[in-house]
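What you see is a predicted model, and the numbers here were worked out from it, not measured in a lab. To find a chain, count down the sequence lines: A is the first, B the second, and so on, and within it residues start at 1.
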2 protein chains.
Amino acid sequence: MSGYFGAGTRAPESELEIIMSDMPSCQFESRPRRIVIGSGGVQADFCTNCSVRPTSVCSVIEPSDISRLAEVAVETIISPGRGFIEEGAPATDFFNVTSGTVKLFKALPDGRRQITGFAAPGHFLGLAVSDSYAFGAEAIDTVRVCRFSREKMSELLDDFPKLERRLLEEASNELVAAQNQMLLLGRKTARERVASFLLDQMQAGLLPGQPPPSGGRLHLPMTRGDIADYLGLTIETVSRTLSWMRSQGMIEVGKGYAITIVSTAKLEVLAAGNS
Amino acid sequence: MSGYFGAGTRAPESELEIIMSDMPSCQFESRPRRIVIGSGGVQADFCTNCSVRPTSVCSVIEPSDISRLAEVAVETIISPGRGFIEEGAPATDFFNVTSGTVKLFKALPDGRRQITGFAAPGHFLGLAVSDSYAFGAEAIDTVRVCRFSREKMSELLDDFPKLERRLLEEASNELVAAQNQMLLLGRKTARERVASFLLDQMQAGLLPGQPPPSGGRLHLPMTRGDIADYLGLTIETVSRTLSWMRSQGMIEVGKGYAITIVSTAKLEVLAAGNS
DNA sequence: TCACCGCATTGATTTACATCAACCCATCCG
DNA sequence: CGGATGGGTTGATGTAAATCAATGCGGTGA
């Protein structure tokens with residue numbers, strides 16, 4: 001029991017780093033290649049102007065203390081498909097997503113994969129952690145994160161008790177979501193799962209800094225394969241279920257990643273478990 | 001965003017209360033009947049002598065401050081089969097299990113149920129909470145819990161910052177467990193699920209104050225139905241899988257609730273996903 | 001330009017698990 | 001004592017979703 005925000009090992013990093021998707025395929029590196037631009041933490045006004053601060057854990061830091069936050073945050077850009085947390089690797093850093101979408105997952109030795117969640121802007125990564133990461137993380141589209149070393153995070157927690165309570169709140173929310181997902185995975189049918197997913201995505205789109213999805217128009221950044229791995233289904237079943245929902249007048253499936261929710265009511269009936 | 005340990009509504013309660021299983025069937029009451037014995041919080045030395053304190057969140061309270069803890073804790077005895085947290089009800093109290101086993105679950109309107117976890121002695125209940133409980137809880141065998149009102153808990157957190165960090169650690173552990181369970185429910189076969197479950201139960205038995213299960217001898221307090229609801233299977237599949245494991249020389253199935261693990265290695269191969 | 005690749009859709013077939021059903025064996029209780 | 005009840009096992013059958021397979025489509029790069 002070494003403490004959840006104990007000593008870290010990584011040295012202080014520089015202002016802006018970019019993790020490139022430069023490998024032929026999506027090979028994983030536990031310590032991704034970085035391109036450093038500038039040095040010495042983000043600019044003092046960076047956090048002040050941050051678009052996700054109002055909805056993120058950082059919101060509990062008073063404006064007068066913002067410089068403390070900016071000192072320890074390292075902004076990082078991660079290109080699509082690039083992994084930046086490896087399941088089982090030593091947990092040296094925590095992250096806060098500022099733009100883009102991240103998929104979080106666990107895998108079995110033979111390659112079966114379960115996506116445990118999608119992290120949108122404002123989401124804090126690193127709660128499900130002991131000494132090593134309990135999950136992997138990969139950028140779906142271009143992602144920006146603020147990175148905090150474990151030791152800097154620990155200092156912040158010592159100095160700002162409110163931050164700790166806010167993280168507890170965040171953990172609480174994640175636990176509620178996790179339990180909902182267990183119910184979905186253990187007891188819901190394929191149709192119920194997809195309906196629940198679409199409603200959740202709609203709900204999620206209403207809250208953060210993202211452009212609000214008007215008229216039920218969703219832009220899902222993830223592939224069918226990701227949705228399948230999230231819902232415990234196969235690609236084919238997700239595809240068939242979406243087609244069936246279209247045939248029932250519940251949704252419209254646009255080209256690419258667009259899905260329009262036509263009848264929230266019908267989906268809610270489905271998601272609640274009536275068929 | 002009302003804060004996770006905000007104002008509660010319940011009045012201070014008395015020393016020892018007993019929640020009886022006095023209904024013909026297992027009817028649920030959101031406010032269970034109590035039999036009060038004595039009054040005014042538990043005795044001062046109660047927490048000092050508590051068998052689960054070393055492994056519970058209470059361990060972070062210094063011996064000199066133990067009286068503060070004892071003042072706000074209300075010991076409660078819950079008889080087998082009795083529910084004491086109702087999913088969706090206002091979250092007025094938090095609990096710490098001191099003996100027995102609790103099942104935590106979520107349900108769909110049509111009765112399908114997913115057990116999200118079993119809480120053994122030392123386990124803290126109430127992290128997956130917003131203003132209302134996100135889960136239900138029911139005693140499997142005779143259960144003792146320490147109950148804390150939300151507002152008393154909030155005061156404790158203000159006075160003992162270590163407690164907050166310890167709760168965060170607890171939440172972190174639960175998140176890790178939840179993600180493992182998502183992988184199990186979404187991607188593992190029935191055999192893999194049962195194998196994982198047995199190994200987890202063995203692991204859990206090694207840690208807390210419970211009698212250590214020597215020689216792989218497990219005493220599972222829950223029914224096949226509970227195991228099925230935990231693993232996202234049916235009773236019949238659980239039973240058949242256990243029979244199959246017996247036929248393979250992996251386990252021995254005793255009468256009642258006893259199961260002996262004969263070959264940890266074989267189970268581990270199974271649980272990891274090799275068949 | 002065309003070949004290739006990742007992603008998606010749809011159809012045919014298989015299968016792991018659920019469902020339906022019968023039965024055993026305790027315990028409880030009138 | 002005897003019927004009811006709850007938990008457990010095992011067998012026969014059904015089915016939702018997985019698997020196998022073919023096709024289309026839009027980007028990308030030689």
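Taking only side-chain nitrogens and oxygens, B:Arg246 comes nearer than 4.0 Å to OP1 or OP2 of D:dT10. OP1 or OP2 of D:dT10 has not a single side-chain nitrogen or oxygen of B:Ser239 nearer than 4.0 Å.
No engagement by B:Gly256 is indicated, since no non-hydrogen atom pair under 4.0 Å with the nucleic acid exists.
In this structure, B:Phe95 and B:Phe84 have perpendicular ring planes: the angle between them is above 60°, well past the 30° mark.
Look at CZ on B:Arg191: it is 16 Å from C1' on C:dA18, rounded to the nearest Å. Atom CG of A:Leu220 and atom P of C:dC7 are 16 Å apart (whole Å). Distance CZ (A:Arg112) to P (C:dA16): 12 Å, rounded to an integer number of Å. As a whole-Å value, the separation of A:Lys255 NZ from D:dG24 P is 13 Å. Atom CD1 in A:Ile251 sits about 14 Å away from atom P in C:dA8, given to the nearest Å.
Side-chain contact check for A:Lys188 and A:Ser196: at least one donor-acceptor pair (N or O, by modelled atom type) lies under 3.5 Å.
Within residues 226-237 of chain A, the residues that have a heavy atom under 4.0 Å from DNA chain C are, in order of number, A:Ile235, A:Glu236.
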Could I get a table of every N or O pair under 3.5 Å where one atom is in the protein and the other is in nucleotides 12-15 of chain C?
residue	atom	partner	partner atom	Å
C:dA12	N6	A:Arg240	NH2	3.4

Open item on the list: Pair A:Leu125, A:Asn96 - check side-chain contact (heavy atoms from CB on, under 4.5 Å), show working.
Closed with: CA-CA 6 Å; A:Leu125 302 182; A:Asn96 210 5; over 6 Å; no
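Between B:Phe105 and B:Phe135, the distance from one ring center to the other does not fall under 6.0 angstrom.
When each of A:Arg187, A:Met182, A:Gln114 is paired with B:Leu185, the side chain to side chain contact (heavy atoms under 4.5 Å, CB included) condition holds for A:Met182 and for no other.
Proximity of A:Val145 to A:Ile78: side-chain heavy atoms (C-beta onward) are separated by under 4.5 Å at one or more points.
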